[in-house]
Amino acid sequence: MAYPSTQTDDLKPYCEKLSVLPEGGVSFLMMENLRLPAGCQPAMCDALLCPVAKDGYPSRLYLSVQVASTYTRNWNCSNARIGERNWFAFSWRVDLPNPTLPQLLIAHLNGFAKEK
Amino acid sequence: MVPDCKQTENDNQELEIDLREFAERGEAVPHAGVYRVRIDDETVKVHTPCPTGEELLQKVGKRPCGFELIAEFYHHHENSVIEPEEKVDLRQHGLKGFITAQKEIVTIFINDKPYHIERGQRTVAEILSKVGQTPEGYILMEEKDGPPLPLPPNLPVKICGCETFHTQAQSGGSS
């Protein structure tokens, strides 16, 4: 699946390197050293944005580490194996009708900045 | 008074003069190609006799959203605040330079529009209220040294002036 270049271009400033990782019929967006919101520890880590439905969620953001943040999150996905690496994700459902990729990323990152 | 900003044919474009020296000597400042102007602790070169306040602030890396510019005269009682769009006559008698001062009420930008707010630690709710929004309905994102990132509503936001924010409807939740 190809993503609109205007949208992928807008994602690039959020990380040091953006690439597409195709696996299992899904085109994950691999973001190296993704910047995380204030209050996160670490302040950046690698991430995989899955803009399509997976694991019962309309979209998902996988992270290379379990990030400590202002609010405690339910990390219900540990060591998911994608692209020969282990990934973590917390329970966060984003219900946006036709979001752009940056809007989707922001909505997932807001999981670190929102209480519930 | 509208400043006389016209350059004449006799203007000496090669001439570079120091405003402070003329102010201290009480002499009239001639037309010149370059005016050396003291702003705070820096001496900058200005190539027009009538720059705007904003142009002078830019010379020292500051913006009107966070700072005001004050013209300093040899006689202190003449000191005056220069508005960003106001043209200053560098040749006016006794002008020895400028100082900048951090504003108490600064300008921030939310969704590309300017809003005034008090400098210091502000809450996400206070900032969102400027655009009639609340943390329950909207994410506040700050564009700081990179793309906009969400701000947690329970942490204070440091406002110095000129900060850039964006908002996006809340759309996620723990499940």
Side-chain angles (χ1 to χ4, degrees), chain A residues 7-16 18 31 33-41 43-44 47 55-61 67-77 89-116, chain B residues 63 65-66 106 108-113 115 117-175:
Chain A
Q7 292 188 28
T8 51
D9 284 348
D10 288 344
L11 273 187
K12 286 176 183 171
Y14 285 90
C15 56
E16 287 182 3
L18 178 72
M31 288 175 283
N33 278 332
L34 170 70
R35 292 164 57 106
L36 301 174
C40 286
Q41 188 62 37
M44 55 177 68
D55 304 337
Y57 292 87
S59 59
R60 268 207 126 171
L61 182 67
V67 174
S69 63
T70 308
Y71 300 109
T72 304
R73 299 277 71 122
N74 172 22
W75 292 86
N76 63 356
C77 172
F90 57 88
S91 178
W92 195 255
R93 177 177 295 276
V94 173
D95 290 308
L96 270 175
N98 305 314
T100 63
L101 291 173
Q103 284 171 337
L104 186 63
L105 176 66
I106 290 288
H108 277 284
L109 289 178
N110 196 42
F112 291 119
K114 190 181 174 193
E115 188 171 10
K116 293 177 184 171
Chain B
R63 296 167 62 194
C65 37
V106 298
I108 58 173
F109 300 91
I110 309 175
N111 297 334
D112 299 325
K113 289 184 180 166
Y115 296 90
I117 193 168
E118 200 176 336
R119 184 163 59 90
Q121 304 274 14
R122 305 269 72 87
T123 65
V124 166
E126 277 180 277
I127 297 167
L128 280 173
S129 71
K130 295 287 175 186
V131 286
Q133 297 173 351
T134 65
E136 289 72 34
Y138 287 86
I139 304 168
L140 181 68
M141 299 171 284
E142 185 175 8
E143 198 176 326
K144 187 178 178 183
D145 306 323
L149 285 172
L151 292 169
N154 63 340
L155 294 182
V157 184
K158 190 177 179 186
I159 299 291
C160 298
C162 311
E163 287 82 4
T164 300
F165 298 97
H166 301 272
T167 69
Q168 176 177 312
Q170 289 280 9
S171 53
S174 55
S175 56

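Note that this is a predicted model, so its numbers are computed, not measured. Residue numbers begin at 1 in each chain, while the letters A, B, ... track the order of the sequences. Keep in mind that the numbers below use all heavy atoms, side chains included, and drop hydrogens, waters and symmetry copies.
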Spell out the residues in [range] that have some non-hydrogen atom less than 4.5 Å away from a non-hydrogen atom of chain A, in order of number; otherwise answer 'none'.
{"range": "residues 148-168 of chain B", "answer": "B/Pro148, B/Leu149, B/Pro150, B/Leu151, B/Pro152, B/Pro153, B/Asn154, B/Leu155, B/Gln168"}
{"range": "residues 136-144 of chain B", "answer": "B/Ile139, B/Met141, B/Lys144"}
{"range": "residues 119-132 of chain B", "answer": "none"}

| query | Which distance, rounded to the nearest 0.5 Å, do you find between the OG of B/Ser171 and the CD1 of A/Ile106? | reply | 10.0 Å
Sort [X] into side chain, backbone, both or neither according to what part of it lies under 4.5 angstrom from a heavy atom of chain B.
{"X": "A/Phe90", "answer": "neither"}
{"X": "A/Glu115", "answer": "neither"}
{"X": "A/Leu105", "answer": "neither"}

| field | Contacts with chain B made by residues 95-102 of chain A (heavy-atom distance under 4.5 Å), listed by residue number | value |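 So far as heavy atoms go, A/Asp95, A/Leu96 are the residues that approach chain B to under 4.5 Å.
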| task | Just give me the residue among B/Ser174, B/Ala169, B/Pro135 that pairs up with chain A most often, heavy atom to heavy atom, under 4.5 Å. | result |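 The option with the most such pairs is B/Ser174.
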